[in-house]
Amino acid sequence: MATMKHLLKLETLPRADFDQILRDTAVFKRERGHHATQPLAGQTWALMFSKQSTRTRLSFEVGIRELGGMPMFLSAVDIQLGRGEPIKDTARVMGRMVHGAVIRTFAQHDVEEFAKFSGIPTINALTDDEHPCQILADIFTFQEKRGSLAGKTVAFIGDGACNVANSWIWAAAKFGFELRIASPEKFQPSPELLKRAGGKVSVTSDIQAAANGADLLYTDVWVSMGKETEAKERIQTLTGYQINAALVKLAKKDALVMHCLPAYRGKEIDEETLEAHADTIFEEAENRLHVQKAILNWAVS
Ligand code: CP
Ligand code: NVA
């Protein structure tokens, strides 16, 4: 009998499952358009989003369809949840009608509560704490282009306390690559998280030191969704924590530059660098689709 799985955070994703998803991603990518199986045949999957999305929404909607299922997009403000119906009630209703849920929201606790009460496979499509699907696609993209991340160095430049940085920290703990986070003090990951995760993770406010000899330079927006009221202060404090040509020069000659997107040119990355690395960055975005399929397949098998 098939067992049900949830992807709630990288923190709790076993390494073997990580590896299986990455292996299956390569197959789903290669076999797009002629998948041998339709693991979601006859299923309806809800996408319940409380924040905007382009890539995650597209990749899950297309991925679910291509695996034989039907996606149903629910903007959280349009359902009763937006008027205060509790998550645990929403979950118990949805669990009786749909076969799986992909949730983008604020509090990590809400996704976990949904998984607990719905009884259907639940996937975190971004919370304030983590963005697991993104980092799986990032690692897949690196592996495709440069091979295993083992022994390599990743430099994360910018808001080191955001969801994407957090998921990178858990990935480093599981894969054993070196992760250097370069952020101003105010936006560095909490010592408690670093201690809990372990792994070869260092934090600095010196972006040159972080980029020096790195195999991958990575960045994310300075103002994450939900942090808009802090925009002015964030932009002031994070100015300088930018991937640009001068920083790329410090990394390895064949270093990759990646960005989860959307990109704010002139902030976390400059126009010239983004365009110089557009092939990688948009393949990274495309890989979201192939990874989502592997995640969905893993969740129902
Ligand atoms: N990277 C990412 O998750 O993009 P969206 O917010 O457009 O889904
Ligand atoms: N840290 C960003 C990621 C966007 C994909 C945010 O939460 O807005």
Side-chain angles (χ1 to χ4, degrees), residues 7-10 25 45-64 71 73-76 101-108 110-111 123-142 156-171 181-184 186-190 193 216 218-231 233-235 237-238 241-243 257-265 267-269 274 277-278 280-293 295-296:
L7 176 55
L8 301 177
K9 45 189 178 180
L10 290 190
T25 299
W45 275 63
L47 271 66
M48 191 169 76
F49 281 37
S50 304
K51 293 174 174 171
Q52 286 103 327
S53 171
T54 299
R55 284 142 286 269
T56 309
R57 178 175 173 179
L58 270 168
S59 55
F60 271 112
E61 289 207 29
V62 173
I64 289 166
F73 185 79
L74 301 168
S75 160
V102 178
I103 301 181
R104 170 168 286 203
T105 192
F106 296 86
Q108 177 70 25
D110 285 351
V111 183
I123 297 170
N124 174 357
L126 181 149
T127 61
D128 291 343
D129 286 12
E130 276 219 37
H131 196 0
C133 304
Q134 176 70 52
I135 278 57
L136 280 158
D138 299 337
I139 292 177
F140 178 80
T141 307
F142 186 91
F156 182 102
I157 312 292
D159 177 6
C162 76
N163 40 18
V164 170
N166 288 347
S167 291
W168 269 108
I169 290 169
W170 288 107
I181 297 184
S183 315
K186 196 145 191 223
F187 298 109
Q188 293 181 349
S190 76
L193 168 64
L216 168 62
Y218 192 98
T219 192
D220 181 15
V221 297
W222 288 347
V223 185
S224 282
M225 292 179 281
K227 307 283 184 200
E228 290 79 6
T229 56
E230 301 170 9
E233 186 211 342
R234 284 175 165 267
I235 291 166
T237 313
L238 282 150
Y241 287 81
Q242 182 188 71
I243 300 186
V257 171
M258 290 177 26
H259 191 313
C260 60
L261 300 175
Y264 289 80
R265 276 118 164 134
K267 303 279 193 307
E268 74 277 358
I269 191 163
L274 187 129
H277 294 270
T280 304
I281 291 169
F282 290 100
E283 184 147 22
E284 176 189 0
E286 178 198 316
N287 284 337
R288 299 291 309 280
L289 168 64
H290 311 302
V291 166
Q292 313 306 30
K293 285 183 182 168
I295 293 170
L296 291 160

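Given the structure is predicted, the values throughout are model-derived calculations rather than measurements. Counting begins at 1 with the first residue of the sequence. Read the numbers this way: they start at 1 and go in the same order the structure lists the ligands and their atoms.
The shortest side-chain heavy-atom distance between T25 and N287 does not fall under the 4.5 Å cut-off. Counting heavy atoms from C-beta outward, M258 and T280 have side chains that approach closer than 4.5 Å. Proximity of Y218 to C260: side-chain heavy atoms (C-beta onward) are separated by under 4.5 Å at one or more points.
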May I have the list of side-chain donor-acceptor pairs in residues 56-63 shorter than 3.5 Å, sequence neighbours left out?
unit_1: T56; atom_1: OG1; unit_2: R104; atom_2: NH2; d: 2.8
unit_1: T56; atom_1: OG1; unit_2: R288; atom_2: NH1; d: 3.4
unit_1: T56; atom_1: OG1; unit_2: R288; atom_2: NH2; d: 3.0
unit_1: R57; atom_1: NE; unit_2: E61; atom_2: OE2; d: 2.9
unit_1: S59; atom_1: OG; unit_2: R55; atom_2: O; d: 2.7
unit_1: S59; atom_1: OG; unit_2: T56; atom_2: O; d: 3.2
unit_1: S59; atom_1: OG; unit_2: Q292; atom_2: NE2; d: 3.0

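In the candidate list E284, K51, R288, R288 is nearest to atom 2 (C) of ligand 1, counting heavy atoms.
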For side-chain hydrogen bond (donor to acceptor under 3.5 Å, both in side chains), just list the numbers for Q188 and S183, CA-CA rounded to whole Å, side-chain angles, deciding distance to a tenth of an Å, and then say yes or no.
CA-CA 6 Å; Q188 293 181 349; S183 315; 5.7 Å; no
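Heavy-atom contacts of Q134 reach the following atoms of ligand 1: 1 (N), 2 (C), 3 (O) (cutoff under 4.0 Å). Taking a cut-off of under 4.0 Å to the non-hydrogen atoms of H131, the atoms of ligand 1 that pass are 2 (C), 3 (O).
With hydrogens left out, the protein atom closest to atom 4 (O) of ligand 1 is R55 NE, 2.9 Å, a heavy atom. Closest to atom 7 (O) of ligand 1 among all protein heavy atoms lies T54 N, 2.7 Å. Considering only non-hydrogen protein atoms, atom 6 (O) of ligand 1 sits nearest to R104 NH1, 2.8 Å.
A donor-acceptor contact shorter than 3.5 Å is absent between the side chain of E286 and the backbone of E284.
Residues meeting the ring-ring contact (aromatic ring centres under 6.0 Å, His included) test with F49, sequence neighbours left out: F73. When the ring-ring contact (aromatic ring centres under 6.0 Å, His included) test is applied to F282, no partner is found at least two apart in sequence or on another chain.
The shortest N or O to N or O distance between M225 and ligand 1 is not under 3.5 Å. At a 3.5 angstrom cut-off on N or O pairs, L261 counts as close to ligand 1.
For the pairing with Q108, the side-chain hydrogen bond (donor to acceptor under 3.5 Å, both in side chains) check across D128, T127, D129, N163 returns one residue only, T127.
The number of heavy atoms from other shown groups lying within 6.0 Å of CD (E233) is above 12.
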Sub-3.5 Å pairs, protein N or O with ligand 2 N or O:
unit_1: ligand 2; atom_1: 1 (N); unit_2: N163; atom_2: OD1; d: 2.8
unit_1: ligand 2; atom_1: 1 (N); unit_2: D220; atom_2: OD2; d: 2.6
unit_1: ligand 2; atom_1: 1 (N); unit_2: S224; atom_2: OG; d: 2.7
unit_1: ligand 2; atom_1: 7 (O); unit_2: N163; atom_2: ND2; d: 2.9
unit_1: ligand 2; atom_1: 7 (O); unit_2: S224; atom_2: OG; d: 3.4
unit_1: ligand 2; atom_1: 8 (O); unit_2: M225; atom_2: N; d: 2.8

